[in-house]
Amino acid sequence: MTERTGILLLVSGPSGSGKTTLCRRLADEKEAHYSISCTTRPAREGEVNGRDYHFLTKENFTARIEAGELLEHAEVHGNFYGTLKSEVLDHLTTGTDVVMDIDVQGATQVRGCADQGIQTALIDLFVMPPSEDELLARLTGRGTDAEDVIALRMKNALEEMSHWPKYSYRLLSATREEDYLNFKSLILAERLRVSRLK
Ligand code: 5GP
């Protein structure tokens, strides 16, 4: 028998904040299951279907909403993104921690979710880039997106950053290692929480 139910670590932050790297590393180190989202955006070079995202057509995405398979969904940068219940619920019940990388709209939906299991599991973190200049440098440096895409992401990032006070935790990004240390400390501490112990 497992000793506790899982943590649902919800992570938001603008593109370029480093949140995806943090979430992925936690999963690579087998500390948590990474919830693979569905999206209608085209795959970037190097992205693999079923590993980075479930890449779906708009029709298929809509069909999954109608079938009640999604925990939350939102339109971000002109594309649809959503979390499959199957990526989250059973893991939590069996005591596996789940990390999800979702935008501020999706976070609002998960926070408002009536499911008691989700509410017990949930902690939310906003990853903030160190400065606007550094954010622009990071968005440009990735080299995978066109200039107009970067400009749109920068504009959206500034809007997205205004939502950080809604989160329980905020991580102000510094170096990769410092960020990861803080990130992992959060989940280590949450594993001691009495309300999730069986
Ligand atoms: P990208 O296209 O750069 O991978 O992701 C764009 C944005 O979509 C990021 O802010 C990311 O957190 C968000 N996102 C990724 N998956 C989901 C999801 O399942 N639901 C929601 N609401 N947002 C997501």
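Counting starts at 1 for both ligands and their atoms, following the listed order. Along the sequence shown, residues carry numbers from 1.
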Does the side chain of Glu190 come within less than 4.5 Å of Asp97's, by heavy atoms? no

Does at least one non-hydrogen atom of His73 fall below 4.0 angstrom from an atom of ligand 1? no

Assess Met100 for proximity to ligand 1: is some non-hydrogen atom of it under 4.0 Å away? no

Pairing donors with acceptors under 3.5 angstrom, does anything connect the side chains of Tyr81 and Gln105? no

Need the ligand 1 atom indices (1-based, order shown) with element for anything under 4.0 Å from a heavy-atom of Lys19. 9 (C), 10 (O), 12 (O)

Looking at Ile7, Leu8, Thr5, which hits side-chain contact (heavy atoms from CB on, under 4.5 Å) with Leu92? Leu8

Geometric class of the Tyr167/Phe126 ring pair [parallel <30°, tilted 30-60°, perpendicular >60°]: perpendicular

I'd like to know if Glu159 and Lys155 make a salt bridge, using a cut-off of under 4.0 Å between side-chain N and carboxylate O. no

Val127, Asp101, Ile102: member with heavy atom nearest to atom 15 (C) of ligand 1: Asp101

Heavy-atom gap Gln105 to ligand 1 smaller than 4.0 Å: no

Taking atom types as modelled and ignoring hydrogens, do the side chains of Arg111 and Ser168 form a donor-acceptor contact shorter than 3.5 angstrom? no

Using a strict cut-off of less than 4.0 Å between a Lys/Arg side-chain nitrogen and an Asp/Glu carboxylate oxygen, indicate whether Arg41 and Glu47 qualify as a salt bridge. yes

Ligand 1 atoms in contact with Arg41 (distance to a heavy atom under 4.0 Å): 1 (P), 2 (O), 4 (O)

Judging by distance only, is a nitrogen or oxygen of Ser15 under 3.5 angstrom from one on ligand 1? no

Any Arg44 heavy atom less than 4.0 Å from ligand 1: yes

Show me which atoms of ligand 1 lie under 4.0 Å from any heavy atom of Gly106. 22 (N)

Do ligand 1 and Arg153 have nitrogen or oxygen atoms that lie under 3.5 Å from each other? yes

Below 3.5 angstrom, do we get any N/O pair linking Glu47 and ligand 1? no

Is there a donor in the side chain of His54 and an acceptor in the side chain of Glu87, or the other way round, less than 3.5 Å apart? yes

Pick whichever of Tyr53, Tyr81, Phe80 has a heavy atom sitting closest to atom 4 (O) of ligand 1. Tyr53

Quick check: do Ile36 and Arg51 have side-chain heavy atoms less than 4.5 Å from each other? no

In ligand 1, which numbered atoms sit nearer than 4.0 Å to a non-hydrogen atom of Ala74? 22 (N)

Taking C-beta and beyond as the side chain, do Leu84 and Cys38 meet within less than 4.5 Å on heavy atoms? yes

Is the shortest N/O to N/O distance between Val76 and ligand 1 below 3.5 Å? no

Going by the atom numbers of ligand 1, which of them fall below 4.0 Å from some non-hydrogen atom of Ser37? 16 (N), 17 (C), 18 (C), 19 (O)

